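What follows is a short report on a single structure.
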Amino acid sequence: MIDPVPSKKSFSTNILDWYDLHARSLPWRSPPGVRPDPYHVWLSEIMLQQTTVATVGPYFEKFLKAWPTVHHMASAPLDDILTAWAGLGYYARARNLHKCAVVVSRDFGGVFPDDLPSLLSLPGIGPYTAAAIAAIAFDRSSTVVDGNIERIISRLYRINTPLPAAKKEITKKAAALTPEKRAGDYAQALMDIGAVICTPRRPNCGTCPAAHACAAFAKGDMEKYPVKAPKKVKPTRRALVFWLQLPDGRVLLRRRAETGLLGGMMEFPSTDWVEEAVEIEAALDSFFADERREFFGEITAGDLVRHTFTHFHLELQPVVVHVDEPGRPDLADGLWVRPADFGNYALPTLMTKVVRAVTDR
DNA sequence: AATTCGGGGAA
DNA sequence: TTCCCAGAATT
């Protein structure tokens with residue numbers, strides 16, 4: 001029999017019973033009955049923002065080994081954090097991670113706050129992460145709403161309002177189901193269910209502990225939910241990227257602006273990323289002063305690098321330029337690095353693609 | 001309310 | 001290819 005409005009008690013009891021039997025074992029998850037370290041919970045939750053469990057695993061271990069406590073992390077240079085974060089994406093998370101560590105270490109004596117308003121005041125912690133830390137690390141009864149839980153709730157109630165407009169309604173429905181006790185286990189249970197059972201496509205309703213209460217399951221239109229606003233098409237931007245190499249083999253790196261796309265990360269110099277087609281000779285002339293061209297030796301091209309960001313595609317044409325000396329004034333803001341040492345620098349995946357395209361792996 | 005932030009795995 | 005992922009900050 002379908003219960004279109006599940007009661008809080010029966011619903012959460014079902015979910016928690018399922019969790020006791022089927023909880024996944026994850027690197028940041030403590031054994032049953034053991035309160036996890038809030039530092040670990042915080043670190044994992046920041047990394048897990050818009051990032052899959054499988055991707056986060058190795059990074060979480062690496063960070064914990066490099067910085068065992070929030071004090072260690074707060075004492076580290078931001079560049080070390082960015083270098084360790086390289087490849088994870090959304091680099092504002094790494095910058096805010098460091099900011100947050102400094103605040104917790106300096107202003108909170110290294111102790112993470114357990115209440116929502118204090119958590120929300122910290123850099124990089126928004127509604128989801130604040131609720132998750134409060135519930136998982138401190139056993140507070142807070143309502144956690146991530147992408148998994150949005151999907152579960154929108155199917156339970158067949159919510160036809162498209163996301164993100166439906167966020168408020170979904171949060172309200174979710175709050176009505178949140179138990180007073182074991183809210184952390186309950187939240188993690190729902191996220192496990194979302195990842196393993198209530199999947200975006202072809203959900204495994206046969207094994208779902210909430211199927212009896214699910215309106216979408218009753219109607220058989222689970223995949224229609226959650227309804228989402230249509231997404232925009234991504235334009236393609238293009239540029240030349242320069243592999244400037246000295247006779248001794250060192251290559252020029254420089255640091256990007258502190259904010260914005262790939263903020264604070266290292267890069268190979270490039271022309272502006274534009275939607276128009278790139279004329280190579282004209283781009284070379286605009287990037288290097290004409291009178292400088294005579295100092296360059298042979299110029300060759302690497303394989304085209306394709307990369308997709310959140311809101312545009314990028315095509316970078318690598319240009320290998322052999323440079324006679326490092327002291328050139330127009331290259332003064334860079335850093336000459338041996339490719340063997342690139343691992344010591346905060347190179348985002350886009351730039352490691354450039355390395356591969358030029359060195360032909 | 002919309003846009004800006006990466007990158008990878010699954011279908 | 002397209003979609004989505006334990007979202008937050010900015011405009």
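Atoms considered below: every heavy atom in the structure, side chains included; atoms not considered: hydrogens, waters and symmetry mates. A quick note: this is a predicted structure, and the numbers were derived from the prediction, not measured.
Residue contacts for Val53(A): at a heavy-atom cut-off of 4.0 Å it reaches a base atom on one of the strands shown. Residue-level contact check: Leu26(A) touches the bases, meaning some heavy atom is under 4.0 Å from a base atom. The residue Gly194(A) sits apart from the nucleic acid: no heavy atom pair falls under 4.0 Å. Across all strands shown, Ile149(A) has no heavy atoms under 4.0 Å from either base or sugar-phosphate atoms. As judged by a 4.0 angstrom heavy-atom cut-off over every strand, Pro127(A) is placed among residues touching the sugar-phosphate backbone only. If you check every strand for non-hydrogen atoms under 4.0 Å, Trp85(A) touches nothing. Residue Ser44(A) is classed as having no contact, given no heavy-atom separation below 4.0 Å to the nucleic acid. Gly87(A) comes within 4.0 angstrom of sugar-phosphate atoms only, judged by non-hydrogen atoms across all strands, and of no base.
With no hydrogens or angles considered, no side-chain donor-acceptor pair links Asp79(A) and Tyr345(A) at under 3.5 Å. With hydrogens and angles left out, the side-chain atoms of Thr236(A) and Glu315(A) include no donor and acceptor closer than 3.5 Å. Using modelled atom types, one finds no donor on one side chain facing an acceptor on the other under 3.5 Å when comparing His72(A) with Ser75(A).
Distance noted for atom P between dG8(B) and dA9(C): 24 Å (whole Å).
In this model, the phosphate group of dG7(C) is not approached by any side-chain N or O of Gln49(A) to a distance below 4.0 Å at OP1 or OP2. Note on His307(A): every side-chain N or O is 4.0 Å or more away from OP1 and OP2 of dG6(B). Contact annotation: Tyr90(A) side-chain N/O to dC5(C) OP1/OP2 distance is not under 4.0 Å. Contact annotation: Thr349(A) reaches the phosphate of dG7(B) (side-chain N/O to OP1 or OP2, under 4.0 Å). Applying the 4.0 Å criterion to OP1 and OP2 of dA6(C), one finds that Thr51(A) has every side-chain N and O outside that range. Contact annotation: Lys232(A) side-chain N/O to dA2(B) OP1/OP2 distance is not under 4.0 Å.
One distance of note links OG1 of Thr310(A) with NZ of Lys234(A); it measures 6.5 Å at 0.5 Å rounding.
Not a single donor-acceptor contact under 3.5 angstrom links the side-chain atoms of Tyr128(A) to the base of dG7(C).
Nearest-nucleotide assignment on DNA chain C puts the 5′-proximal partner with Arg24(A), out of Leu120(A) and Arg24(A). Nearer to the 5' terminus of DNA chain B, by closest-nucleotide assignment, is the contact made by Leu347(A) (compared with the other of Leu347(A) and Arg201(A)).
In this structure, Trp85(A) has its ring center at least 6.0 angstrom away from the ring center of Tyr59(A).
With distances taken from any side-chain atom of Phe309(A) to the nucleotides dC5(B), dG6(B), dC3(C), the minimum falls on dG6(B). Distances from the side chain of Arg93(A) to the nucleotides dT4(B), dC5(C), dG6(B) place dG6(B) closest.
Distance, Leu48(A) CG to dA6(C) C1': 5 Å, rounded to whole Å.
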